[in-house]
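Throughout, protein chains are lettered first and strands after them, A, B, ... in sequence-line order, and every chain is numbered starting at 1. Note that the structure is predicted; figures quoted are calculated from it, not measured.
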2 protein chains.
Amino acid sequence: MPQNNGPTEGNRQSAPVRVSDVGEFGLIARVAARLGSPEPPAGPGDDAAVVPTPSGCVIVTTDLLVEGRHFRFDWSSPYDVGRKAAAQSLADVAAMGAVPTALLVGLACPPSTLIEVADGLADGLRDECAGVGAAVVGGDTVSASEVCLAVTALGDLRGAAPLTRSGARPGESVVLAGTVGRAAAGLQLLLAGVRDGPLVAAHRRPTPPYAAGPALARAGATSLLDVSDGLLADLGHVAAASGVVLEVDADALRAVVPGVDVRHLLTGGEDHGLAGTLPAGVDPPPGVAVIGRVLAVVQGADGPGVRVVGEGVPPDLRGGPTKGASPGGWDHFRASAG
Amino acid sequence: MPQNNGPTEGNRQSAPVRVSDVGEFGLIARVAARLGSPEPPAGPGDDAAVVPTPSGCVIVTTDLLVEGRHFRFDWSSPYDVGRKAAAQSLADVAAMGAVPTALLVGLACPPSTLIEVADGLADGLRDECAGVGAAVVGGDTVSASEVCLAVTALGDLRGAAPLTRSGARPGESVVLAGTVGRAAAGLQLLLAGVRDGPLVAAHRRPTPPYAAGPALARAGATSLLDVSDGLLADLGHVAAASGVVLEVDADALRAVVPGVDVRHLLTGGEDHGLAGTLPAGVDPPPGVAVIGRVLAVVQGADGPGVRVVGEGVPPDLRGGPTKGASPGGWDHFRASAG
């Protein structure tokens, strides 16, 4: 079902209401009401929002999601898309070791968009934020020929140092919080016509392990990132930035995320699990599993990169030195996606 | 000239390079190089940026700009669009009384987009930021069917209180920093086929009075906003939020912005001038002009709103009580724009 045509269930009696019917200011008022009003002076209705930053700095990240490329309304409800859009950026904040505090959302959509779509997106964004104690504090709405969400998330480190990609050292453990590959497996099922089940749900609404970010920062993690392009590709960034080899044990990974093909485990990113490194002898925080180890780059051998060991790993997934491109990962300008 | 076809001047010998030729990671590397690298740990290349916030809070705002609606590449160069996109959000930060510190930019564009377009946008964003001491610290690139820029600007209040819309009180002055109406007059000229001149330049590349925001905060201004939808519409928000009548003197306005039709002065917004209120007896900071006064709402008369006095003001521009909608301003979902 195309997202902008026809009534949705439960609304078949009345004529569909479109964004053009309520206008820009009506849309803003409607969305702001659904989002709830943060305490002034922070919040919608002024030129900008004011967000407290007790640690003296702010963690900030921005992501774009485009209909047909990052989500499809015939696969996901607007509410699910709102939750997923928020989750994607909030996970980036957690991957810095920070606690999410606020979200800003730009919504570009055709005037013919059903108002239920805007409502569902707003509700999903609000609820995903509420789950981590954050709130939507600002945004923008404009007309466009396709639906595009621009999500900016802010966070506070609560006094911790930010977890970047360059701190991994030989002898440390490679760790994973949350899951990898389940959303990718769900996408494959959706492409095959399956519309239910836990893997499809994992694609529609990822559940990033937000609390693990700050917990890993407190535990002394030396690197952390949000797995958005796949474990091989994203750990490759850590390896390159840190100048090390990250060895991932596929058997350990399978134990953490059972029932998912190794290809999805190593190249699927949309679960927004958090992967990084932790010094030896440190107990992983709750929900964090060891999936490998950090090795030094051997003189004369390949440079920094990822190596996958364990049973049944196809040759093209055994890793290698990090190149400029994304090994096994996702390139937005060179492929088409669902 | 459509923006994605044909070589640009100075590049006629070689085949055009498109975004799809360099790929997502190539595009990010190229854009990041043009933007310059902020000092780590802030900046591109991690999940999120870290921006200092010495005042213990951050001012943050997000805006979307869509090709064909907010800009046209046959009227403006990619460099001009980049400058304008940055200016729009940086002006919102200044309108809170804050000093801009950082920008995040999401770029959605078709894979066929010429790489010069991305280069020009990046250069323009960088240069507009540099003019106010800010820097681009993060962003995202995705594929889309039209070019869309999502710009998030951050700022610091340097210890001042944020300038909202609700503080105007009777007896104060209405003030304006920068200009209004010149960009709208330039847009009208562009629509008529004119391609040069100071008003066309004002449309292509607005010059918001950034420094006036913090200066007005220090001087004790009681309200301030960025005039983005037109003076009538935007001052209407101040009037409604403050519960007052704002009386604008069209003759005073003409003296501040000479050579522009009163309709453009009162309804044209893209100059990103800053308008607000200042207590009586306070000298306006440099570059800030008095254009009216704040009156109390008279019992039994119309409610809060804007009233325009002076010679030669057409009846439909004399203002009135603020309604839910935008008087004389811009509604993104109910009109088409250039």
Side-chain angles (χ1 to χ4, degrees), chain A residues 19-20 23-27 29 40-41 45-54 56-64 66 69-70 92-93 95-96 102 104-106 108 111 137-146 148 150 152-155 162 164-165 225-226 324-326 331-334, chain B residues 19-20 23-27 29 40-41 45-54 56-64 66 69-70 92-93 95-96 98 102 104-106 108 111 137-146 148 150 152 154-155 162 164-165 225-226 324-326 331-334:
Chain A
V19 166
S20 54
E24 179 184 3
F25 292 86
L27 178 64
D46 218 304
D47 296 289
V50 185
V51 179
T53 58
C57 64
V58 64
I59 299 296
V60 58
T61 177
T62 201
D63 285 298
L64 295 177
V66 178
R69 291 175 172 84
H70 301 90
D92 280 331
V93 168
M96 298 296 286
L104 291 93
V105 182
V137 299
D140 190 20
T141 60
V142 301
S143 169
S145 62
E146 64 195 338
C148 176
T152 299
L154 278 64
T164 64
R165 301 171 175 199
L225 48 63
D226 164 51
S326 158
D331 188 314
H332 285 296
F333 293 104
R334 288 181 162 151
Chain B
V19 166
S20 54
E24 179 184 3
F25 292 86
L27 178 63
D46 217 303
D47 296 288
V50 185
V51 179
T53 58
C57 64
V58 63
I59 299 296
V60 59
T61 177
T62 201
D63 285 297
L64 296 177
V66 178
R69 292 173 172 86
H70 301 89
D92 279 332
V93 168
M96 297 297 286
L104 291 93
V105 182
V137 298
D140 191 19
T141 59
V142 302
S143 169
S145 62
E146 64 195 338
C148 176
T152 299
L154 277 63
T164 64
R165 300 171 175 200
L225 48 62
D226 164 52
S326 159
D331 189 314
H332 285 296
F333 293 105
R334 288 181 163 152

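- Panel note: side chain A:Thr53, backbone B:Gly56; a donor-acceptor pair is recorded below 3.5 Å.
- Of all heavy-atom pairs spanning A:Ile59 and B:Ala48, the tightest one is CG2-CB, 3.5 Å.
- Ranked by non-hydrogen atom pairs under 4.5 Å with chain B, the options A:Asp92, A:Val58, A:Leu104 are led by A:Val58.
- Using a 4.5 Å heavy-atom threshold, the side chains of A:His70 and B:Val142 count as touching.
- Side-chain contact between A:Val60 and B:Val60 is absent, with no heavy atoms from C-beta onward closer than 4.5 Å.
- Remark: the backbone N or O of A:Asp140 is not paired with any side-chain donor or acceptor of B:Asp63 at under 3.5 angstrom.
- Across B:Ala150 and A:Ala150, no two heavy atoms sit closer than the pair CB-CB, 3.4 Å.
- A donor-acceptor contact shorter than 3.5 Å links the side chain of B:Asp47 to the backbone of A:Asp226.
- Among all heavy-atom pairs drawn from B:Ser145 and A:Ser145, the shortest one is OG-OG, 4.1 Å.
- A side-chain contact (heavy atoms from CB on, under 4.5 Å) with B:Thr152 holds for exactly one of A:Thr61, A:Thr62, A:Leu154; it is A:Thr62.
- When all heavy atoms of A:Ser143 and B:Val66 are compared, the closest pair comes out as O-CG2, 3.8 Å.
- With hydrogens and angles disregarded, no donor-acceptor distance shorter than 3.5 Å links the side chain of A:Glu146 to the backbone of B:Ala144.
- Here the shortest heavy-atom pairing between B:Gly106 and A:Leu64 reads C-CD1, 3.5 Å.
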